[in-house]
Q: 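The following block contains the structure, expressed as structure tokens.
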Amino acid sequence: MNADYIRLLVQYNYDLYRQVWDCISYLTEAQFVEETGYSLGSVRNHMVHVMGVDERWLARIRQEPLPQRLEAAEFRTQAQVRSYWDSVDAHVREYVRAVDDTTLQQVRQYDMPHRGGMKTNRVWEIVAHMVNHGTDHRAQVLMLLHHFGAPTLEQDLIIYLWDSFRTS
């Protein structure tokens, strides 16, 4: 796997989430935490879920102890979630900035008790999963934002590439 490609995917993932945060800023605090009955519930719950999962995947990649699972209820405001989010964003970007092709091929073994026990993946597979998982939850959050009347955005990779890397 090519490290530059992985860096591009991570940049896309977190750059798009920054745009989603711009859309989230149109919500009131009450809308941000409102239970919707869809998927994980509130916009807050989705965002806390993704940042918590990304934080845990990064720990697995780095072969560090897993941080505790995040509880959405511990985050009462958009600002609290956004602050933690920015920290996770920075840590993941920092990791992929330094990663090389050889490291991406390394194997990580980790326990997923709720998914059948021990699992084994290459580092690049885990990072690709993080991006794919992010795309899934961005789509869910965008639907919720639309429901609340907030602006939304297109999240297609090709559109991101067109907008970010225009040469003509």
Side-chain angles (χ1 to χ4, degrees), residues 1-25 39-40 43-70 72 75 78 81-145 152-168:
M1 179 50 60
N2 180 283
D4 288 334
Y5 179 64
I6 290 296
R7 279 189 275 281
L8 172 67
L9 289 179
V10 168
Q11 179 180 333
Y12 154 75
N13 185 52
Y14 284 101
D15 284 357
L16 263 285
Y17 263 118
R18 286 180 181 178
Q19 293 177 42
V20 168
W21 274 109
D22 291 342
C23 298
I24 290 170
S25 72
S39 186
L40 297 172
V43 172
R44 174 198 58 195
N45 292 2
H46 279 84
M47 301 306 285
V48 170
H49 168 75
V50 172
M51 71 186 184
V53 168
D54 282 4
E55 183 178 53
R56 290 170 65 85
W57 281 118
L58 185 60
R60 289 181 184 104
I61 290 169
R62 290 181 168 170
Q63 299 178 301
E64 298 172 350
L66 286 183
Q68 292 295 317
R69 290 184 187 275
L70 298 178
F75 297 88
Q78 291 181 44
V81 179
R82 181 63 193 265
S83 176
Y84 200 102
W85 180 277
D86 288 345
S87 174
V88 173
D89 175 321
H91 288 122
V92 174
R93 288 181 195 252
E94 176 187 340
Y95 177 80
V96 298
R97 253 192 309 275
V99 78
D100 59 27
D101 294 352
T102 302
T103 302
L104 289 171
Q105 293 299 332
Q106 291 176 354
V107 172
R108 299 294 186 258
Q109 188 172 31
Y110 50 92
D111 192 16
M112 298 289 283
H114 63 292
R115 299 281 187 191
M118 294 304 292
K119 305 294 181 191
T120 303
N121 290 96
R122 290 184 204 95
V123 169
W124 76 263
E125 293 170 327
I126 295 170
V127 177
H129 165 72
M130 291 167 65
V131 172
N132 186 62
H133 182 251
T135 302
D136 178 37
H137 282 287
R138 265 193 315 278
Q140 294 177 16
V141 168
L142 289 168
M143 190 278 301
L144 294 174
L145 290 169
T152 61
L153 56 105
E154 294 182 294
Q155 66 163 339
D156 295 303
L157 175 61
I158 197 72
I159 294 170
Y160 172 78
L161 294 171
W162 293 338
D163 292 345
S164 298
F165 303 101
R166 286 197 198 277
T167 57
S168 56

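If you're wondering where the values come from, they're calculated on a predicted model, not measured in any experiment. This chain uses plain numbering: 1 for the first residue, then up along the sequence.
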Q: Just jot down the side chain to side chain donor-acceptor pair (under 3.5 Å) partners of Gln11, sequence neighbours excluded, or say none.
A: Tyr160

Q: Taking C-beta and beyond as the side chain, do Tyr17 and Ile24 meet within less than 4.5 Å on heavy atoms?
A: no

Q: List for me each residue that meets salt bridge (Lys or Arg N to Asp or Glu O under 4.0 Å) alongside Arg62, sequence neighbours excluded, and say none if there are none.
A: none

Q: Using modelled atom types only, decide if a donor and an acceptor are shared between the side chain of Ser87 and the backbone of Ser83 within a distance under 3.5 Å.
A: no

Q: Rounded at 0.5 Å granularity, tell me how far CG in Leu144 sits from OG1 in Thr152.
A: 11.5 Å

Q: Does anything in residues 118-144 pair up under ring pair (Phe, Tyr, Trp, His ring centres under 6.0 Å), and if so which pairs, sequence neighbours excluded?
A: His46-His137, His49-His133, His49-His137, Trp57-His129, His129-His133, His133-His137

Q: Could you pull out the closest heavy-atom pair between Gln68 and Arg56, with the gap in Å?
A: C-NH1, 3.9 Å

Q: Tell me the closest heavy-atom pair linking Met130 and Ile61, and the distance in Å.
A: SD-CD1, 4.2 Å

Q: For residues Val20 and Leu145, determine if any side-chain heavy atom of one lies less than 4.5 Å from a side-chain heavy atom of the other.
A: yes

Q: Suppose we screen for salt bridge (Lys or Arg N to Asp or Glu O under 4.0 Å). Which residues come up paired with Glu154, at least two apart in sequence or across chains?
A: none

Q: Quick test of your reading: applying salt bridge (Lys or Arg N to Asp or Glu O under 4.0 Å), list the pairs with at least one residue in residues 123-140, sequence neighbours left out, ordered by first then second residue.
A: Arg122-Glu125

Q: Name all residues meeting the salt bridge (Lys or Arg N to Asp or Glu O under 4.0 Å) criterion together with Asp4; count only those two or more places apart in sequence or in a different chain, and write none if there are none.
A: Arg7

Q: Tell me the closest heavy-atom pair linking Leu153 and Cys23, and the distance in Å.
A: CD2-SG, 3.7 Å

Q: With sequence neighbours excluded, tell me which residues meet salt bridge (Lys or Arg N to Asp or Glu O under 4.0 Å) with Arg82.
A: Asp86

Q: Is there a side-chain contact between Asn13 and Leu9 (heavy atoms, below 4.5 Å)?
A: no

Q: With distance as the sole test, does Tyr12 use its side chain to make a donor-acceptor pair with the main-chain N or O of Leu161 at under 3.5 Å?
A: no

Q: Which residues pass the side chain to side chain donor-acceptor pair (under 3.5 Å) test with Arg69, sequence neighbours left out?
A: none

Q: According to side chain to side chain contact (heavy atoms under 4.5 Å, CB included), who are the partners of Asp111, at least two apart in sequence or on a separate chain?
A: Pro113, Met118

Q: The criterion is side chain to side chain donor-acceptor pair (under 3.5 Å); which residues satisfy it with Gln78, sequence neighbours excluded?
A: none

Q: Which pair of heavy atoms, one from Pro67 and one from Glu55, lies closest together, and at what distance?
A: CG-CG, 3.6 Å

Q: How close do Trp85 and Met47 get, counting heavy atoms only, and between which atoms?
A: CZ3-O, 3.5 Å

Q: Locate the shortest heavy-atom distance separating Gln140 from Ser39; write the atom from each residue and the value.
A: OE1-OG, 2.6 Å

Q: Could you tell me whether the side chain of Gln109 reaches within less than 4.5 Å of the side chain of Lys119, counting heavy atoms only?
A: no

Q: What side-chain donor-acceptor pairs closer than 3.5 Å can you find for residues 95-103, not counting sequence neighbours?
A:
residue: Asp100; atom: OD1; partner: Thr102; partner atom: N; Å: 3.3
residue: Asp100; atom: OD1; partner: Thr103; partner atom: N; Å: 2.7
residue: Asp100; atom: OD1; partner: Thr103; partner atom: OG1; Å: 2.8
residue: Asp101; atom: OD1; partner: Ala3; partner atom: N; Å: 2.6

Q: Report the residues that fulfil side chain to side chain donor-acceptor pair (under 3.5 Å) with Tyr110, sequence neighbours left out, ordered by chain and then residue number.
A: Asn121

